[in-house]
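Some notes on the structure that comes next.
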Amino acid sequence: ESKSTGKGRARVFSPDMAATFRRRTELERDMRDGLANGAFELNYQPIVDIRDGRVTAVEALLRWNHPTKGRISPNEFIPIAERSDLICDLGEWVLRRAAQDHARLPDGIAISVNVSPKQFQQPERLVATIREIIAAEQLAASRLELELTESVLVEDPEQTLETMTELRGLGVCFALDDFGTGYSSIGYLATYAFDKVKIDRTFASVVGSNAASRSVVEMVQLLAERIGFAVVAEGLEDTAQIEAIAATGITLVQGYYFSPPIPLDDLECRLAGTGTLSIACA
Ligand code: C2E
Ligand code: MG
Ligand code: MG
Ligand code: MG
């Protein structure tokens with residue numbers, strides 16, 4: 001971002017800012033076109049139980065292939081979409097596509113979808129959309145998992161609880177994403193009854209070497225056993241990280257170690273109708 005945001009300094013216009021602003025404006029415009037023209041697709045990253053190698057769920061991750069700028073990271077385009085109503089249209093597209101794709105997965109695998117705080121700001125629309133999609137795509141609601149970040153809980157705790165309760169009535173499950181960054185209030189774990197808590201990727205590389213971080217992860221796992229939710233460790237890339245996580249008692253893992261996010265065709269191929277991943281695929 002801008003260099004001139006230090007304490008006591010005015011934010012002064014710079015050519016950098018103009019370029020940033022122009023790119024944002026262009027991307028927002030192009031996203032609308034992209035949604036209409038099939039430029040978006042979903043990739044899927046498996047969540048694996050390290051005790052038996054079974055894939056318990058897959059997370060849908062949005063991909064955008066821009067016609068002239070190439071692949072753009074969701075870390076860039078999601079925040080832009082969130083500045084307008086676009087995220088709601090995009091979010092609906094993701095939910096529907098994920099529900100359709102789920103039919104192509106072996107039985108017993110859940111599908112996880114990231115939901116933006118902005119979608120929760122329109123609770124009637126969100127609930128109606130999910131109800132309609134579940135019915136139209138014949139998705140077992142208990143196989144749909146919505147990933148929320150703490151920002152939703154911070155922004156409007158009461159409304160979020162109400163919306164979650166309504167959605168839970170439909171049968172869908174909830175995961176708290178990126179736990180350990182931001183507020184990470186333990187109170188949330190008691191109040192919102194998440195089915196799953198995903199420990200942020202920033203812990204993956206330090207659990208083995210940093211005793212304090214390891215204690216935090218162990219505490220979450222302990223709470224999980226007492227309260228009754230599942231824990232997923234995100235972003236595990238190598239054997240040492242897997243071993244360090246396994247030592248905390250966590251059994252569910254998502255990360256490049258098992259697979260990066262991949263297209264549905266590749267996922268189908270690697271699963272080959274079973275619940276386990278094979279190494280390679282033709
Ligand atoms: P997230 O929901 O926390 O998703 C996990 C991110 O970590 C993904 O990045 C995934 O590719 C990455 N990741 C997984 N394993 C590893 C690993 O071992 N190493 C490293 N370095 N990274 C790993 P991605 O796909 O770029 O998505 C970034 C974020 O964009 C997501 O974070 C999510 O917050 C947002 N996002 C993606 N798709 C959607 C969507 O459909 N809707 C909404 N609202 N947000 C989305
Ligand atoms: Mg997520
Ligand atoms: Mg995450
Ligand atoms: Mg994230």
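Only heavy atoms go into these numbers, but all of them, side chains included; no hydrogens, no water, no symmetry mates. Bear in mind the structure is a predicted one, so any value in this text is a computation, not a measurement. Atoms within each ligand, like the ligands themselves, are counted from 1 in listed order.
Under a 4.0 angstrom heavy-atom cut-off, Lys198 registers as lying outside contact with ligand 1. Ligand 1 lies within reach of Arg63, whose nearest heavy atom is under 4.0 Å from it.
Taking every non-hydrogen atom of Leu236 and a distance limit under 4.0 Å, the qualifying atoms of ligand 1 come out as 18 (O). Close approach of ligand 1 to Glu237 (heavy-atom distance below 4.0 Å) involves ligand atoms 17 (C), 18 (O), 19 (N), 20 (C), 21 (N). For ligand 1, the atoms lying closer than 4.0 Å to a non-hydrogen atom of Pro261 are 11 (O). Close approach of ligand 1 to Asn75 is summarised as follows: ligand atoms under 4.0 Å from at least one heavy atom of the residue are 28 (C), 29 (C), 30 (O). If you number the atoms of ligand 1 from 1 as listed, the ones under 4.0 Å from a heavy atom of Ser116 come out as 44 (N). The distance from ligand 1 to the heavy atoms of Glu234 drops below 4.0 Å at these ligand atoms: 3 (O), 5 (C). Near Val94, with a cut-off below 4.0 Å to any heavy atom, the atoms of ligand 1 are 41 (O). Ligand 1 places these atoms under 4.0 Å from at least one heavy atom of Gly255: 15 (N), 18 (O).
Judged by distance alone, with hydrogens and angles left aside, the side-chain atoms of Arg168 form a donor-acceptor pair with the main-chain N or O of Ala193 at under 3.5 Å.
A donor atom on one side chain and an acceptor atom on the other are not found under 3.5 Å apart for Glu218 and Thr248. Remark: the Gln121 side chain and the Glu155 side chain contain an N/O donor-acceptor pair separated by less than 3.5 Å. Checked by atom type, the side-chain pair Glu59/Gln45 shows no donor-acceptor distance below 3.5 Å. Looking only at atom types and distance, the side chain of Ser112 has a donor-acceptor partner in the side chain of Glu145 under 3.5 Å away. A donor-acceptor contact closer than 3.5 angstrom is absent between the side chains of Asp16 and Ser14. Between the side chains of Glu243 and Thr239, not a single donor N or O lies within less than 3.5 Å of an accepting N or O.
Atom CD of Glu225 is surrounded by more than 12 heavy atoms from other residues, nucleotides or ligands within 6.0 Å. For Asp107, the CG atom is loosely surrounded, since the number of other residues' heavy atoms within 6.0 Å does not exceed 12. Within a 6.0 Å sphere centred on CZ of Arg71, other residues, nucleotides and ligands contribute more than 12 heavy atoms.
Per residue Glu59, closest N, O or S atom to the Mg ion (ligand 2): atom name OE2. Asp178 has its closest N, O or S atom to the Mg ion (ligand 3) at the position named OD1.
At least one N or O atom of Gln45, backbone or side chain, sits closer than 3.5 Å to an N or O atom of ligand 1. When only interatomic distances are considered, the shortest N/O to N/O separation between Gln119 and ligand 1 does not fall below 3.5 Å. Geometrically, ligand 1 and Glu59 share a nitrogen or oxygen pair separated by less than 3.5 Å.
Comparing Phe77, Tyr256, Phe258 by heavy-atom distance to atom 22 (N) of ligand 1, the nearest is Tyr256.
Under 4.0 Å from ligand 1, the heavy atoms of Ile78 that appear belong solely to its side chain. Residue contacts with ligand 1 for Asp178 involve side-chain atoms from C-beta outward but no N, CA, C or O (heavy atoms, distance under 4.0 Å). Residue-level proximity to ligand 1 for Arg97 is absent, since no heavy atom of it falls below 4.0 angstrom.
Residue side and main chain included, Glu147 places no N/O/S atom under 2.8 Å of the Mg ion (ligand 3). The Mg ion (ligand 3) has an N, O or S atom of Glu234 closer than 2.8 Å.
Here Asn114 contributes OD1 and Asp177 contributes OD2, and at the Mg ion (ligand 2) these two atoms make an angle of 90°, given to 10°.
Taking the six-membered ring where tryptophan is involved, the planes of Phe77 and Trp64 are perpendicular, since the angle between them exceeds 60° and thus also 30°.
Partner Val231 forms a side chain to side chain contact (heavy atoms under 4.5 Å, CB included) with one of Leu252, Val217, Val220 and no other, that one being Val220.
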Verdict with reasoning, Asp101 to Tyr44, per side chain to side chain donor-acceptor pair (under 3.5 Å): CA-CA 10 Å; Asp101 288 351; Tyr44 293 97; 2.7 Å; yes

